[in-house]
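Throughout, a chain's letter reflects where its sequence line sits, starting with A, and its residues are numbered from 1.
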Protein chains: 2
Amino acid sequence: MTRDQKAPVCVLGTGLIGGSLLRAAIGAGYDAWGYNRSEAGAQAARADGYDVRSDLLGVLTRAADTDALIVIAVPMPAVDHLLADVSTFAPRCTLTDVVSVKAPVAAAVRQRGLAARYVGGHPMAGTSESGWAATDPDLFRGAAWAVSVDDGTHPQPWRRVVRLALDCGAVVVPVAAEEHDHAVARISHLPHVLAEALALAGTTGGELALGLAAGSFRDGTRVAATAPNLVRAICEPNAAALLGVLEETLTVLSVARDSLRIDGSLADLVEAGHDARQNYETAQRWEITDIRPGDHDWLERLRTAGRGGGVLTELN
Amino acid sequence: MTRDQKAPVCVLGTGLIGGSLLRAAIGAGYDAWGYNRSEAGAQAARADGYDVRSDLLGVLTRAADTDALIVIAVPMPAVDHLLADVSTFAPRCTLTDVVSVKAPVAAAVRQRGLAARYVGGHPMAGTSESGWAATDPDLFRGAAWAVSVDDGTHPQPWRRVVRLALDCGAVVVPVAAEEHDHAVARISHLPHVLAEALALAGTTGGELALGLAAGSFRDGTRVAATAPNLVRAICEPNAAALLGVLEETLTVLSVARDSLRIDGSLADLVEAGHDARQNYETAQRWEITDIRPGDHDWLERLRTAGRGGGVLTELN
């Protein structure tokens with residue numbers, strides 16, 4: 001263990017993800033504290049024994065004084081506002097985030113001149129709940145946690161971010177920002193869009209349809225229960241990638257519609273979809289063990305490994 | 001209790017739904033037995049102590065001799081083949097089914113001259129598993145069980161089918177065949193189609209995307225794990241209704257795509273979808289208590305009640 005591996009952690013935003021991260025970090029032995037914009041949210045966390053304040057200046061000054069790792073844990077639309085204060089009050093701190101898109105955060109970080117100490121992150125965990133009341137220190141256990149490996153990433157902050165993710169119980173998927181955003185458009189943002197559309201189709205059928213709805217509808221619409229502002233804050237900043245996969249899916253559904261109309265058959269869609277779900281169920285994580293941060297071509301090698309399903313479960 | 005309320009039950013097809021029904025009926029005190037086309041499937045049921053044979057003639061002869069309620073529990077493509085034998089060997093038995101569509105079964109029943117003793121049914125329960133091994137006597141507990149109330153339905157067989165559904169732990173939703181088929185296109189068949197398309201979108205993203213997939217993708221694709229032949233047997237016989245709702249959903253998604261492209265906004269879709277999911281979560285079943293089978297206009301009154309969310313929890 002190097003000195004900074006359990007250095008302090010300062011979480012900006014203590015909703016579901018940030019709050020769970022704060023609790024997991026404390027549980028893992030970190031000195032950790034947080035900021036929440038709403039004093040009511042901060043009070044809820046304090047009532048549970050966590051040091052969360054709505055005084056951003058005080059929280060950031062403490063981070064600067066202790067060389068804390070700062071974690072941006074607010075929806076994308078609120079990120080730049082926080083970065084402005086970070087660049088003023090804690091510009092030398094190592095910086096990460098847990099925001100649902102990576103390229104827009106990285107761009108905002110660059111614009112604020114904070115890129116040298118920044119490494120993006122995104123834990124793939126959540127529920128349709130939000131706020132401190134929904135936080136869970138075990139939220140990240142076994143989850144994938146994407147950590148950026150874009151060109152220019154420095155080994156030291158990268159190790160520190162990976163260490164935190166691992167200490168929260170996650171496995172780390174190394175991925176470039178753009179590739180991350182295209183992947184999550186498929187497996188996180190499209191599911192939201194389809195869930196909303198399915199919920200709408202159900203309710204259009206009135207009380208009879210909703211009364212007959214069972215498991216397939218319940219599961220298929222679960223994430224439509226997420227607060228609308230949060231869904232928009234997750235999906236809209238990734239519009240370009242989401243538009244691509246939405247277009248692709250419209251084509252898939254149109255072809256299926258034509259096949260059903262003309263031949264009475266859904267064979268092609270159903271067989272391909274079943275194979276795809278099998279791929280998902282049988283996908284195996286494998287451990288990346290031979291790439292050390294700072295090694296020759298380490299970023300490129302980690303990108304390749306992550307693209308092929310590789311994960312980090314410990315730091316070499 | 002009238003004499004026939006716990007009269008024998010003969011289940012044709014002992015897969016997930018039929019097998020679970022057989023187990024639930026035995027558990028509720030019925031004399032019940034079954035037929036399964038595959039001798040291996042029949043043996044699996046016998047190994048668990050249930051009287052299931054692959055000898056259809058013997059099974060139907062016993063039903064005719066005991067005036068059993070016959071339950072057709074095979075996928076739609078296999079229904080007419082069974083009806084042919086029912087019309088030959090047990091034409092006077094009361095008849096129901098648990099098939100995923102109602103109008104096509106009713107048409108086949110009419111063609112075989114069996115309409116007078118037929119009342120369609122559809123328990124809204126299932127998993128992505130199939131076969132005897134997946135059967136569960138509690139599968140129907142608390143589930144909605146659609147029971148047909150088309151014009152011409154006779155009170156006596158109707159009471160018998162409702163009694164069986166209630167004794168299996170379900171609540172009964174009275175619904176006309178065509179309305180049922182339109183409703184399940186929305187809340188059962190469309191979910192299958194969207195799950196297949198979502199699974200496909202995920203796997204197209206390769207190992208990286210599948211490795212980052214979490215709850216929203218897992219839940220949204222769950223029913224894509226269902227055997228393809230079964231999904232086709234469920235959806236394709238309902239092509240007309242499914243085409244209508246699929247067209248509607250393509251329009252909803254296209255409008256959302258345009259809004260995202262032009263305005264960067266998913267507001268309309270996300271807000272409507274969230275409201276729709278709220279509708280679903282807060283939908284309340286209410287008990288129909290004042291309509292007795294055989295009363296003046298009982299079928300029309302039950303259709304109206306079912307359309308408005310009414311269910312039967314006991315037989316008057």
Side-chain angles (χ1 to χ4, degrees), chain A residues 124-125 144 173 183 186-188 190-191 194 196-203 205 207-214 216-217 219-225 228 231-232 235-236 239 243 245-246 249-250 252-253 257 260-261 264 266 269-274 276-277 279-280 283 306-309, chain B residues 124-125 144 173 183 186-188 190-191 194 196-203 205 207-214 216-217 219-225 228 231-232 235-236 239 243 245-246 249-250 252-253 257 260-261 264 266 269-274 276-277 279-280 283 306-309:
Chain A
M124 304 306 298
V173 176
R186 295 182 178 278
I187 53 81
S188 171
L190 181 64
L194 294 183
E196 308 286 6
L198 179 57
L200 204 52
T203 211
E207 288 166 289
L208 176 65
L210 295 182
L212 291 174
S216 63
F217 185 79
D219 287 357
T221 60
R222 183 181 59 82
V223 293
V231 176
R232 293 182 60 193
C235 294
E236 291 173 358
L243 279 168
V245 67
L246 190 48
T249 298
L250 281 164
V252 164
L253 291 173
R257 183 257 332 259
L260 184 61
R261 187 167 53 199
L266 286 171
L269 173 69
V270 170
E271 278 156 28
H274 182 261
R277 169 77 191 190
N279 274 354
Y280 166 64
R307 216 173 276 141
Chain B
M124 304 307 297
V173 176
R186 293 182 178 279
I187 53 79
S188 171
L190 181 65
L194 294 184
E196 308 285 8
L198 179 56
L200 204 52
T203 210
E207 287 165 288
L208 176 65
L210 294 182
L212 290 174
S216 63
F217 185 79
D219 287 358
T221 60
R222 182 181 61 81
V223 293
V231 176
R232 294 181 59 193
C235 294
E236 291 173 358
L243 279 168
V245 68
L246 190 47
T249 299
L250 280 165
V252 164
L253 292 173
R257 183 255 334 257
L260 184 61
R261 188 167 52 198
L266 286 171
L269 173 68
V270 169
E271 278 156 27
H274 182 260
R277 169 76 192 193
N279 275 353
Y280 165 66
R307 216 173 277 141

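Nearest heavy atom pair, residue B:Arg186 against residue A:Gly205, reads CD-CA, 3.4 Å. Taking each heavy atom of A:Arg307 and B:Glu207 in turn, the nearest pair found is O-CB, 3.8 Å. Pairing each heavy atom of A:Tyr280 with each of B:Ala214, the nearest pair is OH-O, 4.2 Å. Shortest non-hydrogen contact noted between B:Arg232 and A:Glu271 is NH1-OE2, 4.0 Å. Contact detail for A:Leu200 and B:Gly273: the closest heavy-atom pair is CD1-N, 4.5 Å. Listed here is the closest heavy atom pair of B:Ala199 and A:Ala276: O-CB, 3.3 Å.
For the options B:Val245, B:Leu260, B:Val252, B:Leu190, heavy-atom pairs under 4.5 Å to chain A are most numerous at B:Leu260. In terms of heavy-atom pairs under 4.5 angstrom with chain A, the leader among B:Gly308, B:Ala272, B:Gly306 is B:Gly308. Note: B:Ser216 leads B:Gly202, B:Ser216, B:Ala183 in heavy-atom pairs under 4.5 Å with chain A. Of the listed residues (B:Cys235, B:Ala197, B:Gly211, B:Gly309), the greatest number of heavy-atom pairs within a distance under 4.5 Å of chain A belongs to B:Ala197. Interface check for chain A: of the options B:Ala224, B:Ser188, B:Gly264, the most heavy-atom pairs under 4.5 Å are formed by B:Ala224. Between chain A and the residues B:Leu212, B:Leu210, B:Leu194, B:Thr203, the largest count of heavy-atom pairs under 4.5 Å involves B:Leu212. The candidate with the highest count of non-hydrogen atom pairs below 4.5 Å against chain B, out of A:Ala283, A:Ala213, A:Ala144, is A:Ala213. When A:Ala209, A:Gly220, A:Ala125 are compared by the number of non-hydrogen pairs under 4.5 Å with chain B, A:Ala209 comes out ahead.
With A:Val231 as the fixed residue, the side-chain contact (heavy atoms from CB on, under 4.5 Å) test singles out one of B:Leu269, B:Leu266, B:Val270: B:Val270.
Although no hydrogens or angles enter the test, the distance criterion places a donor-acceptor pair under 3.5 Å between the side chain of B:Glu196 and the main chain of A:His274.
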- Message: Under the criterion side chain to side chain contact (heavy atoms under 4.5 Å, CB included), I'd like the reasoning laid out for B:Thr249 against A:Leu198: C-alpha separation, chi angles, the key distance, then a yes or no.
- Response: CA-CA 8 Å; B:Thr249 299; A:Leu198 179 57; over 6 Å; no
- Yes or no on side chain to side chain contact (heavy atoms under 4.5 Å, CB included) for A:Val173 and B:Leu208, after CA distance, side-chain angles and deciding distance? CA-CA 8 Å; A:Val173 176; B:Leu208 176 65; 3.7 Å; yes
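Contacts of A:Thr221 with chain B are made by both backbone and side-chain atoms, with heavy-atom separations under 4.5 Å. Proximity to chain B is limited to the side chain of A:Leu246, based on heavy atoms less than 4.5 angstrom apart.
Using a 4.5 Å heavy-atom cutoff, the side chains of A:Val223 and B:Asp219 are not in contact.
Atom CE of B:Met124 sits about 11.0 Å away from atom CZ of A:Phe217, to the nearest 0.5 Å.
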